[in-house]
Number of protein chains: 2
Amino acid sequence: MPKIPDATIKRLSLYCKELRVLSNEGMEVVLSKDLANRLDLNPTQVRKDLSYFGKFGRRKRGYDVSELLANLSEILGITTDNKIGIFGLGNLGRALLNFKGFSVRGFYVAALFDVDPAKIGSTLFGKQCYALSDAQEIVKKEGIKIAVLAVPDGAAQDVMDVILGCGIKSILNFTQRHVVVPEDVMIRSVDFTDKLELLAYFSRSKSNGR
Amino acid sequence: MPKIPDATIKRLSLYCKELRVLSNEGMEVVLSKDLANRLDLNPTQVRKDLSYFGKFGRRKRGYDVSELLANLSEILGITTDNKIGIFGLGNLGRALLNFKGFSVRGFYVAALFDVDPAKIGSTLFGKQCYALSDAQEIVKKEGIKIAVLAVPDGAAQDVMDVILGCGIKSILNFTQRHVVVPEDVMIRSVDFTDKLELLAYFSRSKSNGR
DNA sequence: AATATTATGTGATATTATTCACTTAATTAA
DNA sequence: TTAATTAAGTGAATAATATCACATAATATT
Ligand SMILES: NC(=O)c1ccc[n+]([C@@H]2O[C@H](COP(=O)([O-])OP(=O)(O)OC[C@H]3O[C@@H](n4cnc5c(N)ncnc54)[C@H](O)[C@@H]3O)[C@@H](O)[C@H]2O)c1
Ligand SMILES: NC(=O)c1ccc[n+]([C@@H]2O[C@H](COP(=O)([O-])OP(=O)(O)OC[C@H]3O[C@@H](n4cnc5c(N)ncnc54)[C@H](O)[C@@H]3O)[C@@H](O)[C@H]2O)c1
């Protein structure tokens, strides 16, 4: 099997997202050209990306939207519910809790964790909030595989260590800190400020990108 | 001047972020090797990236943290206050409003825009909220250069058009929709679900990445 | 003061990603 | 039924990015 480029994997979820929109719009078939246009990509890129995983299209016709979406979802592992735990229920954590986009894509918030006594033991938007000390037990019980880190920057590494102690190997980090994790753990950081800086840079240099 | 790689620009804000942490930790000097380690990059990469903009280091000594931070901030255009307007003050918009990370990096939320009559005219966390129809006037008056789009997905393109009508050319998009913009406008989309899907993919394929 | 050491800066090289140019299969029209 | 057309699929070429290997300069050591 030829090694699949990282860049390709990153685009798969982009394709999924657009296919969901197309599906909502009632489109049954899409051409690589159209999909590419909607995402500002090259049509060849779309076809090449897909070709790493199989032949999903029909010549002279295009790709069946729901079929391709199902295939890509399968590839990305978002067919079965992926359970996530949110660590830190401040402004951001609570906004995430309300975010409808998770369930649409097969993610389920299974438990919340915080240090604030006012939150521990209570139910926030229908989800139970636990103390950090209970994390190991709850994570195992609920089968949580992904952690969302939304605690204050200063607590990032400490809470990260608790998460690692639970055996979780996939982390989505919202803090502004770079946290240290072992080799076999995958961490992705979300940082809009980076993007804002980019916007500032480009708006100054009159250059353009995407 | 040799063309600066896009990938390099993207890493500049990463360097800034880590330099701020180092600065807080009281470090005065940092080696390309250490900076690279902390960000899971190759030391040569760090040096090469910086070399596009000048010679900031001292051989046998390393880089002066605050000096390099100042230089990179200058390059990224985050020395002068960049004024941003937030469009959509729901769960996410309000969380962003509370986010301290913006001001740290020279971004200032100058105005808020929504369609909800309950919000229009009121003050949210010290910031004035306006109707969309007032956007053009306020954007001009306040000198807003960057828009944050945090309205429901269905309203994304409509509100985008209002933003474009205000003459704003830099947009940070939080909606799950791909919005269409002219050539000379730069839009960056934030999507954690993409990253979650990646995490799900990698945790399944036992592979690892960053 | 001379020599060894260390870390930056950078041209050359290797790797990775994207696009081109073409082949193939399916469909439509003649 | 045959020819023309269209769009997927893909090896090869090109472009972009990352790494290597080393020259250079600053500091430390003898
Ligand atoms: N608000 C935003 O829009 C936003 C945007 C980007 C990034 N962030 C980042 O997300 C993180 C959280 O931001 P926020 O605005 O939600 O902060 P916040 O202060 O509103 O909330 C932090 C929450 O974490 C809890 N907490 C503190 N220490 C903890 C610990 N050791 N273990 C578990 N929980 C703990 C607190 O009780 C609180 O509920 C920060 O790192 C921030 O930089 C926030
Ligand atoms: N909540 C999250 O953590 C989260 C995370 C990622 C992405 N998002 C995305 O961000 C967007 C907003 O999410 P949310 O949870 O804040 O939604 P929300 O429903 O809580 O808030 C939406 C806000 O936009 C306002 N609004 C509606 N139509 C408008 C219009 N035409 N012009 C201006 N304002 C308008 C509403 O009055 C409301 O204040 C959505 O696209 C969502 O998918 C949210």
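Throughout, protein chains are lettered first and strands after them, A, B, ... in sequence-line order, and every chain is numbered starting at 1.
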How many whole angstroms separate atom [atom1] of [X] from atom [atom2] of [N]?
X	N	atom1	atom2	answer
A:Glu67	D:dA8	CD	C1'	14 Å
B:Leu50	C:dG9	CG	C1'	10 Å
A:Asp6	C:dT15	CG	C1'	12 Å

Closest contact, heavy atoms only, [X] versus [Y]:
X	Y	result
B:Leu92	B:Ala150	CD2-CB, 4.3 Å
B:Asn91	A:Ala95	O-CB, 3.6 Å
B:Ile75	B:Leu12	CG2-CD1, 3.9 Å

Quiz item: Charged N to carboxylate O below 4.0 Å: is that the case for A:Glu25 and A:Arg38?
Solution: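 Salt bridge present between A:Glu25 and A:Arg38.
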
Quiz item: What does nucleotides 18-30 of chain D look like as a protein-contact string, B for base, S for sugar-phosphate only, - for none, at under 4.0 angstrom between heavy atoms?
Solution: SBBB-BBBBBS--

Self-check item: Under-4.0 Å side-chain N/O to phosphate OP1/OP2 contact, A:Tyr63 with D:dG9
Solution: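 Yes, within the criterion.
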
Quiz item: According to a strict under-4.0 Å criterion, is A:Lys55 in side-chain N/O contact with OP1 or OP2 of C:dA25?
Solution: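 Checking A:Lys55 against C:dA25: no side-chain N or O falls below 4.0 Å of OP1 or OP2.
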
Quiz item: At how many degrees, to 10°, do the end axes of the helix from C:dA1-D:dT30 to C:dA30-D:dT1 meet when each uses five pairs?
Solution: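 That helix has its two terminal axes inclined by roughly 0°.
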
Quiz item: NZ of A:Lys195: more than 12 outside heavy atoms within 6.0 angstrom?
Solution: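 Atom NZ in A:Lys195 is packed in, count exceeds 12.
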
Self-check item: side chain to side chain contact (heavy atoms under 4.5 Å, CB included) between B:Val109 and B:Leu97, intermediate numbers included
Solution: CA-CA 8 Å; B:Val109 178; B:Leu97 199 45; 3.9 Å; yes

Quiz prompt | Selection residues 149-176 of chain B - residue pairs positive for ring-ring contact (aromatic ring centres under 6.0 Å, His included), sequence neighbours left out | solution =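 ring-ring contact (aromatic ring centres under 6.0 Å, His included) check on residues 149-176 of chain B returns A:Phe192-B:Phe174.
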
Self-check item: A:Ser51 and A:Asp49: side chain donor to acceptor below 3.5 Å
Solution: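 Distance-only check fails for A:Ser51 and A:Asp49.
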
Practice problem: Examine B:Phe87 together with B:Phe113 and report whether their ring centres are nearer than 6.0 Å. | Solution: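 Yes, the ring of B:Phe87 comes within the 6.0 Å limit of the ring of B:Phe113, centre to centre.
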
Quiz prompt | Residues from residues 12-36 of chain A lying under 4.0 Å of DNA chain D - heavy atoms | solution =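 The stretch gives A:Leu31, A:Ser32 as the residues lying under 4.0 Å from the strand, ordered by number.
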
Quiz item: A:Arg47: what forms a salt bridge (Lys or Arg N to Asp or Glu O under 4.0 Å) with it, not counting sequence neighbours?
Solution: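 Testing A:Arg47 for salt bridge (Lys or Arg N to Asp or Glu O under 4.0 Å), a comparison that skips the adjacent residues, returns none.
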
Exercise. Please collect all side chain to side chain donor-acceptor pair (under 3.5 Å) contacts where either partner lies in residues 103-112 of chain B, sequence neighbours excluded, each pair once.
Key: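 Found A:Gln176-B:Arg105, A:Asp191-B:Arg105, A:Asp194-B:Arg105, A:Glu197-B:Arg105.
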
